[in-house]
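So that the names make sense, note that chain A is the first sequence line, chain B the second, and so on, each numbered from 1.
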Amino acid sequence: QKEVEQNSGPLSVPEGAIASLNCTYSDRGSQSFFWYRQYSGKSPELIMSIYSNGDKEDGRFTAQLNKASQYVSLLIRDSQPSDSATYLCAVNRRNQGGKLIFGQGTELSVKP
Amino acid sequence: DAGVIQSPRHEVTEMGQEVTLRCKPISGHNSLFWYRQTMMRGLELLIYFNNNVPIDDSGMPEDRFSAKMPNASFSTLKIQPSEPRDSAVYFCASSLTRNTEAFFGQGTRLTVV
């Protein structure tokens, strides 16, 4: 079992729709969770952090965390073609000195 | 703030040569990470430091890879000797503490021919 798993996609949604990205992790000691966006040829860029169970909203983005199910998700409302990128889920293990592990990423394509 | 600074941005070298990648973390950040990214393997954690001390280097693929952090503002990743399969994009990232979000440099694209 991979430490952090994501559907590789590609996930294709029409412009204006909601894009839903999912991530599961294997270590219950994980304490911090992050979503990054990476455009082709660029470095990963942080878009959301979430530390406790529940939802966290920031503009068009909502991160959801369920530690009991070891599941974290990202919703993008009113998707735009500029949202087309690879989205990386990252999990931090404080009990391992802050080890930060990434999933393989989900490629999102927003069609005009 | 200038962000995480990596150099060089691109490196082309011949098999067997030594390669040194450099990273300057964000000032005041206490954790530093080195990653390698390829299409096949994604973003792999190679090694990370807290307060300049290496915490976990289990991701370093072989003894040919080594990393140092002599002070809070500088780290190097060295490959000696380099091989074609080392070709990848290498990222450095830093975070304020061991539990907070990390910020990435622009990466070094390494090609070993």
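- Here the side chains of L100(A) and L45(B) are not in contact, with every heavy-atom distance at 4.5 Å or above.
- Taken together through direct or relayed side-chain contacts under 4.5 Å among Ile, Leu, Val, Met, Phe, Trp and Tyr, M60(B) and L43(B) form parts of separate hydrophobic clusters.
- One distance of note links CZ of F104(B) with CG of L88(A); it measures 8.0 Å at 0.5 Å rounding.
- Grouping Ile, Leu, Val, Met, Phe, Trp and Tyr residues whose side-chain heavy atoms lie under 4.5 Å apart, directly or via other members, leaves M39(B) alone, with no other cluster members.
- Heavy atoms of other residues, nucleotides or ligands lying less than 6.0 angstrom from CG of L96(B) number more than 12.
- At a threshold of 4.5 Å between side-chain heavy atoms, the hydrophobic network of Ile, Leu, Val, Met, Phe, Trp and Tyr places V72(A) and I76(A) in one connected group.
- Every pair passing salt bridge (Lys or Arg N to Asp or Glu O under 4.0 Å) that includes a residue from residues 78-94 of chain B is listed here, sequence neighbours excluded: E18(B)-K78(B), E62(B)-R85(B), R64(B)-E83(B), R64(B)-D86(B), E83(B)-R85(B).
- Judged as a disulfide (SG to SG under 2.5 Å), the pairs with a partner in residues 2-68 of chain A (not counting sequence neighbours) are, in order, C23(A)-C89(A).
- Proximity of the aromatic rings of F34(A) and F103(B) is defined here by a centroid distance below 6.0 angstrom, and this criterion is not met.
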May I have a table of the donor-acceptor pairs connecting chain B and chain A at distances under 3.5 Å?
residue, atom, partner, partner atom, Å
Y35(B), OH, L100(A), O, 2.7
Q37(B), OE1, Q38(A), NE2, 2.9
Q37(B), NE2, Q38(A), OE1, 2.9
Y48(B), OH, Q96(A), O, 2.4
N50(B), ND2, G97(A), O, 2.7
R98(B), O, N92(A), ND2, 2.8
N99(B), O, S32(A), OG, 2.9
N99(B), OD1, S32(A), OG, 2.6
N99(B), ND2, S32(A), OG, 3.2
E101(B), OE1, S49(A), OG, 3.4
E101(B), OE1, Y51(A), OH, 2.8
A102(B), N, Y36(A), OH, 3.1
A102(B), O, Y36(A), OH, 2.6
G105(B), O, S43(A), OG, 3.3

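- Other residues, nucleotides and ligands contribute only 12 or fewer heavy atoms inside 6.0 Å of the CG atom of D63(B).
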